[in-house]
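Here is the naming used below: chain letters follow the sequence lines, and residue numbers restart at 1 for every chain.
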Amino acid sequence: MRYSATIAGQVFTFDDLKQVMAFASPARSGDYLAGVGAATAQQRMAARHVLAETPLKQFLSEALIPYESDNITRLIIDSHDAQAFAPVSHLTVGDFRNWLLSEQATTEALTALAPGLTPEMVAAVSKLMRNQDLVSVAKKCSVVTRFRNTIGLPGHLSVRLQPNHPTDDLRGVAASTLDGLLYGAGDAVIGLNPASDSMPVLGRLLHMLDEVIQRFEIPTQSCVLTHVTNTLKLAEAGAPVDLVFQSIAGTEKANLSFGVTLELLDDAYAAALALKRGTVGDNVMYFETGQGSALSANANFGVDQQTCEVRAYALARRYKPLLINTVVGFIGPEYLYDGKQIIRAGLEDHCCGKLLGLPLGCDICYTNHAEADQDDMDNLLVLLGTAGINFIMGIPGADDVMLNYQSTSFHDALFLRQTLGLKRAPEFQAWLQRMQITDAAGQLAPPSANRLLADMSGLTALAP
Amino acid sequence: MSDPVTPNPWSQWRSATPARLALGRAGAGMPTDETLRFGWAHAMARDAIHAALDVDALEATLNAQQWGTMRARSRAGDRTTYLRRPDLGRQLDPDDAERMRNGAKGGCEVCLVIGDGLSSLAVARHAAPLLAALRSQLPADTRFSPVVIATQARVALADEVGELFGAALSVMLIGERPGLSSPDSLGIYLTHSPKRGRHDAERNCISNVRPEGLPCEAAAFKLAWLMREAQQRGLTGVGLKDESDLAVLGQSDAARPGVAP
């Protein structure tokens with residue numbers, strides 16, 4: 001269907017809703033790389049005018065990627081909850097933005113609405129939002145998940161401890177894990193990106209992280225981030241798998257390029273649930289996403305990269321994940337060019353994911369060939385902290401020595417807690433206090449020869 | 001006045017990893033010394049990305065090693081375009097392609113391309129030593145193309161160059177995306193029957209070539225092994241597993257001590 005707007009005597013026309021969405025996006029290098037970005041600033045604003053007047057319902061009848069050719073579209077349409085959608089079903093996208101910002105959109109109302117929203121509706125409304133809108137709407141959303149602790153409570157912030165090592169050296173991984181725990185990080189997950197794809201190496205890493213968690217009775221979970229098929233094999237072989245990880249994207253073709261199908265994820269979810277390793281809940285999946293992945297797999301179908309990203313959340317939603325992490329600045333400047341684009345994308349991803357009912361975290365990060373630095377990370381950190389993000393990354397000194405990019409550090413998490421008064425997952429906080437790593441108020445205690453430090457060298461996994 | 005920096009008593013773990021741990025803290029923040037160290041590392045990485053390759057100097061070094069050279073540019077006219085448009089970095093500038101077509105006579109076995117990629121520092125430091133080490137590993141009568149020094153280049157640029165030279169194999173040496181602790185990593189990509197449109201699964205990659213990672217001698221050994229196998233089996237990519245690994249892995253690990261960040 002064609003769309004048009006007349007603004008100040010100028011007529012702007014658009015081929016279809018997909019083009020309206022792409023042109024309405026803030027300028028973004030990945031959309032230009034894909035050839036779908038607006039040609040002029042006025043064309044961009046005209047597209048936003050059109051979008052503001054488009055009924056939300058239109059997204060249920062005009063699929064951006066055809067129903068017949070993409071199973072993510074089918075998932076979105078087939079799982080749409082019309083009853084949950086009812087309270088906003090009469091609104092245009094522009095009206096929906098007003099409603100989201102209004103006092104009527106309470107935390108309870110937003111929680112009830114989530115199953116009634118499709119990723120395209122959510123992406124559309126985010127394109128009409130300023131950064132402050134993305135913060136204030138996300139702040140009202142609350143998504144709480146549980147495995148061995150409780151993540152996402154209002155006023156709380158968790159941290160994924162990422163102890164990567166360039167050669168997966170167990171002692172090196174243990175060193176970074178110790179560093180993070182002694183800084184009070186690791187309540188979201190102790191999650192390692194292995195350099196290796198070798199099953200014995202992956203198994204050793206899983207056993208070591210499990211030993212750390214068991215020996216010190218830490219109310220948290222571990223994850224070795226490898227392809228879901230590897231994790232399933234490891235679990236079958238008896239390796240201690242807590243969470244099942246997979247990178248996902250927003251189209252069937254992009255997921256295929258990751259070696260992932262719906263059937264495979266369904267099986268993985270069932271297998272993870274059957275392990276029953278959670279103690280306080282059964283959110284067992286961990287997903288990572290990021291704008292640009294569909295295009296880099298040549299599988300974006302002319303859809304803008306932000307909408308593709310939000311469609312990945314619709315896939316994640318099916319599996320009630322414990323954590324979902326948008327790795328916002330990792331993929332490079334051809335998708336998000338600079339600090340401004342990275343910050344905007346991080347806020348969009350977080351807000352859109354939360355509106356769909358997902359426990360969004362963010363790897364606030366950049367590569368050295370992007371026009372960004374640690375100041376940009378600080379800005380996004382404070383914004384996402386204010387917006388109520390479920391978790392951020394904790395990496396020694398913010399420098400990942402395996403993946404060669406910069407993220408947020410254990411110190412950054414301390415800064416954010418201190419500045420915004422955010423607490424750790426309650427079970428994890430109680431543990432830190434028991435271990436005398438922090439005081440009762442959650443402040444780091446003076447460093448001393450505590451048990452963790454003394455006993456870390458004695459891990460069986462580190463024995464020669 | 002007591003020291004405002006709280007030290008971390010677990011600094012002995014630093015030797016286990018190049019990660020930036022046991023940094024201490026000033027309140028919640030990084031101590032000044034670490035802020036400066038991190039900033040310096042970032043400055044090195046940034047300069048590595050934006051520094052233009054000194055083609056004259058590289059050419060002089062290669063000529064002194066008896067290599068013939070040829071210059072080429074991609075269609076990405078400048079660094080900004082290069083970073084935003086990977087597709088343009090994969091294609092030769094039309095004039096250069098024409099020149100190369102005219103210059104290539106009768107094909108060659110191995111087409112050598114040096115691309116600046118994301119770190120000209122890596123190229124300036126390691127490309128010539130690597131080629132010298134490689135030559136000593138290959139038969140003396142190996143027919144090489146001139147070494148094509150390409151600027152604003154992506155990996156796949158070597159496909160077009162290799163096609164123009166009618167080469168059986170292309171070897172692309174290219175500066176990798178720099179990390180803070182590795183601003184000068186060289187990557188090597190080997191492609192059998194290079195031609196436009198080859199995809200990444202059809203190549204073999206050797207990465208992290210630098211003294212603190214995989215040293216040039218070890219990388220050249222690995223590359224020569226892969227080149228021989230590729231020639232014999234008529235393919236590169238996922239179908240060609242690097243089984244030289246056992247021979248060089250020990251060397252590569254030994255070259256990775258717990259470097260202080």
- Within-4.5 Å side-chain heavy-atom neighbours: A:Leu33 and B:Arg84: no
- B:Phe38 versus A:Asp399: any side-chain heavy-atom pair under 4.5 Å? yes
Measure distances from [X] to the heavy atoms of chain A and classify the residue's part below 4.5 Å as side chain, backbone, both or neither.
X        : result
B:Ser119 : neither
B:Pro7   : backbone
B:Leu118 : side chain

Donor-acceptor pairs under 3.5 angstrom involving side-chain atoms of residues 330-339 of chain A: please list them, not counting sequence neighbours.
from, atom 1, to, atom 2, distance (Å)
A:Asp338, OD1, A:Lys340, N, 3.3
A:Asp338, OD1, A:Gln341, N, 3.0

- How about A:His369 and B:Tyr82: are their ring centroids closer than 6.0 Å? no
Minimum heavy-atom separation for [X] to [Y], with atom names?
X        : Y        : answer
A:Ala175 : B:Thr17  : CB-CG2, 3.9 Å
A:Asp169 : B:Ala16  : OD2-O, 3.9 Å
B:Leu23  : A:Gly397 : CD1-CA, 3.8 Å
A:Gln418 : B:Ala28  : OE1-CB, 3.8 Å

First locate atom [atom1] of [X], then atom [atom2] of [Y], and finally report the distance between them rounded to the nearest 0.5 Å.
X        : Y        : atom1 : atom2 : answer
A:Tyr366 : B:His42  : OH    : NE2   : 4.0 Å
B:Arg25  : A:Leu444 : CZ    : CG    : 4.5 Å
B:Leu21  : A:Leu178 : CG    : CG    : 8.5 Å
A:Leu182 : B:Trp10  : CG    : CH2   : 4.5 Å
A:Gln374 : B:Met30  : CD    : CE    : 8.0 Å

- Item | Largest heavy-atom contact set with chain A, pairs under 4.5 Å, which of B:Asp87, B:Thr80, B:Leu83, B:Asn8 | B:Leu83
- Looking at B:Pro86, B:Ala45, B:Ser182, B:Gly27, which has the largest count of heavy-atom pairs under 4.5 Å with chain A? B:Pro86
Examine whether an atom of [X] lies under 4.5 Å from a heavy atom of chain B, and if so say whether it belongs to the side chain, the backbone or both; otherwise answer neither.
X        : result
A:Thr367 : side chain
A:Asn368 : both
A:Phe410 : neither
A:Ala174 : both

- Query: By number, which residues in residues 400-408 of chain A have some heavy atom less than 4.5 Å away from chain B?
  - Reply: A:Val401, A:Leu403, A:Asn404, A:Tyr405, A:Gln406
- List for me each residue that meets side-chain hydrogen bond (donor to acceptor under 3.5 Å, both in side chains) alongside B:His126, sequence neighbours excluded, and say none if there are none. B:Asp184
- Query: For B:Gln12, does the CD atom have more than 12 heavy-atom neighbours from other residues, nucleotides or ligands under 6.0 Å away?
  - Reply: yes
For residues 451-464 of chain A, dump all side-chain donor-acceptor pairs below 3.5 Å to protein atoms at least two apart in sequence or in another chain.
from, atom 1, to, atom 2, distance (Å)
A:Arg451, NH2, A:Arg215, O, 3.1
A:Thr460, OG1, A:Glu211, OE2, 2.8

